[in-house]
Amino acid sequence: MMAQKLLNKKLKTMSMKILIIEDDPGMKLGLSYTLENRGCRIAAAESGTDGIKLFEKEQFDIVITDLRLPGANGIEVLKHIKNLSPDTGVIIITAFADVKDAVLAMKEGAYDYISKPFNPEELLIVIERFIKYRGIELENIRLKEELKEKKQFQYIVGVSPAMQKVFETIEAVAKTDSSVLIYGKSGTGKELVANALHNLSLRKDKPFIKINCAAIPETLLESELFGHEKGAFTGANQRKKGKFEAADRGTIFFDEISEMALAIQAKMLRVIEYQSFERVGGNEPVRVDVRTVYATSKDLKEEAKAGRFREDLYYRLNVLPINLPVLMERREDIPLLIEHFLKVFSKKVGKAEITISPEAMEKLLTYDYPGNVRELEHAIEMAVTLCSGRAIEPLCLPLEIRGNKAEQGAVTQAYDDLSFTERIKLFEKEELVRVLESTGWKKKEAAKKLGMSRETLWRKLKEHGFPTSLSDLED
Ligand SMILES: Nc1ncnc2c1ncn2[C@@H]1O[C@H](COP(=O)(O)OP(=O)(O)OP(=O)(O)O)[C@@H](O)[C@H]1O
Ligand SMILES: [Mg+2]
């Protein structure tokens, strides 16, 4: 079997130190043999007390212990070991009848349990999962340490070289009046960077005005930006100040600048060059002192080449580009983003210390995030709201992420912990999410699919504690 070969190789390279505590001599021998064969270093004991003694002498990466043992029982062994060495993974072996105790063991911090009879492969899979899990944990600790020495701005999280460069650029230019052009696909944090540029500037106490060029029709945008004189067009009953005047001494952020109409681009060019313009229908020059920041998800150079964007304006804007890569190209930022959003949303929904199960973490770390940081943020927000226990399970993650390289398993464990009513409730929640996801969170459509009224759906969403931003969502 290919997979098995791979597994053997992995375990060998890790050369784990494993302590086996098992009173059945045959079982003890069998386990030792299997694991030694895979390159693990093994010690074994036949009673709880002997096992503890061995552990006190030297540390082990993993302890595999039977529950029913002479001397101290498995739970006592577990408590003792977790006390001495919280990082050691304890795997419990139970007889079928002891499943209750196994659940207790999980609560006491066991990594997993495995029921007799089992074949060695099953155990190897659990061990491999633990090794992966611990790898992720260690990586997290390393990243946290690293982060302490690195700069962070204004709630922007990132340890990747790309993000560190972004921070450096922000720091270098925030206090100048240069225009900045922020490049990035949807959800990569463009607006966050624009905010930071303003908040760290000398203009921070002055207005910060945002304009989404894609959202305002061309006919309105000009007067919106530059204002108009009385009688400039039908309906212009009095003089109106535009955003440029409103932003005087502050910052204007032009989002989706590529969508600005060519005619208005010409006028923009003049404002940037001379800090002066005329209101629509007027010929008095108005002087302003504004700093401009731009964002685009399109390649402006390409747009200029294609004649959809003025080339001269492109050159004026592109003096200080800031590039935000898609999340897939800076995966090392994912663990910290997860931690950041966990904190934010746990606090927001009034839950304490929510963690993520290794299985859910694996899904989150290996997913591709076409929606970038925003998608990750939403996933964590949903999960924090949905998860009923202390840890987020894959079940609480959005379908796309949960279905990512489907490898279920530990879900059932958490499931076993729940009462029947709780399971039904969880199932209901999960059904709601599934159907809402399939309709793009359109409640009306979802209610129809679910065969319930919108009111019932709304009540259920509230009942399950969905964020108000979701339960208030208009169709
Ligand atoms: N590095 C980051 N650290 C923390 N939060 C982030 C980061 N990047 C993005 N976010 C969060 O992700 C969400 C999306 O970010 P933002 O709105 O800035 O993206 P955008 O690039 O402007 O997207 P769009 O092009 O769709 O408008 C926001 O809620 C933001 O707070
Ligand atoms: Mg944006």
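First listed ligand is number 1; within each ligand, the first listed atom is number 1.
- In terms of N/O distances under 3.5 Å, ligand 1 is approached by G189.
- The option with the heavy atom closest to atom 25 (O) of ligand 1, from among R330, E256, K190, E375, is K190.
- Rounding to the nearest 0.5 Å gives a distance of 4.5 Å between CZ of F277 and CD of E245.
- We find that R129 and E359 are joined by a salt bridge, their nearest charged nitrogen and carboxylate oxygen being less than 4.0 Å apart.
- Taking any N or O of D255, backbone or side chain, none lies under 3.5 Å from an N or O belonging to ligand 1.
- Ranking the protein heavy atoms by distance from atom 3 (N) of ligand 1 puts V157 N, 2.9 Å first.
- Summarising the contacts of atom 11 (C) of ligand 1 with K185, E191, E377, the nearest heavy atom is found in E377.
- With hydrogens and angles left out, the side-chain atoms of Y294 and T296 include no donor and acceptor closer than 3.5 Å.
- Around atom 26 (O) of ligand 1, the closest heavy atom drawn from S186, A196, S160 belongs to S186.
- Using a 3.5 Å distance cut-off with no hydrogens or angles, the side chains of N372 and T188 do not pair a donor with an acceptor.
- Residue R374 has at least one nitrogen or oxygen atom sitting less than 3.5 Å from a nitrogen or oxygen atom of ligand 1, judged on distance alone.
- With respect to atom 6 (C) of ligand 1, the closest heavy atom belonging to the protein is L192 CD2, 3.3 Å.
- Pairing each heavy atom of R316 with each of L269, the nearest pair is CG-CD1, 3.5 Å.
- Counting heavy atoms closer than 4.0 Å to ligand 1, residue L337 contributes side-chain atoms (C-beta onward) but none from N, CA, C or O.
- A salt bridge links K305 to E302: one of the charged nitrogens lies within less than 4.0 Å of a carboxylate oxygen.
- The Y155 neighbourhood of ligand 1 comprises atoms 3 (N), 4 (C), with distances under 4.0 Å to a heavy atom of that residue.
- In this structure, G187 counts as a contact residue of ligand 1, since one of its heavy atoms falls inside 4.0 Å of the ligand.
- In terms of N/O distances under 3.5 Å, ligand 1 is not approached by V373.
- Of the charged side-chain nitrogens involved, at least one lies within less than 4.0 Å of a carboxylate oxygen, so that R434 and E431 count as a salt-bridged pair.
- Of all the heavy atoms of F341, the ones lying under 4.0 Å from any atom of ligand 1 belong exclusively to the side chain.
- Of the charged side-chain nitrogens involved, at least one lies within less than 4.0 Å of a carboxylate oxygen, so that E259 and K298 count as a salt-bridged pair.
- Each of E375, E362, R402 was checked for a side-chain hydrogen bond (donor to acceptor under 3.5 Å, both in side chains) with Y367, and the lone residue meeting it is E375.
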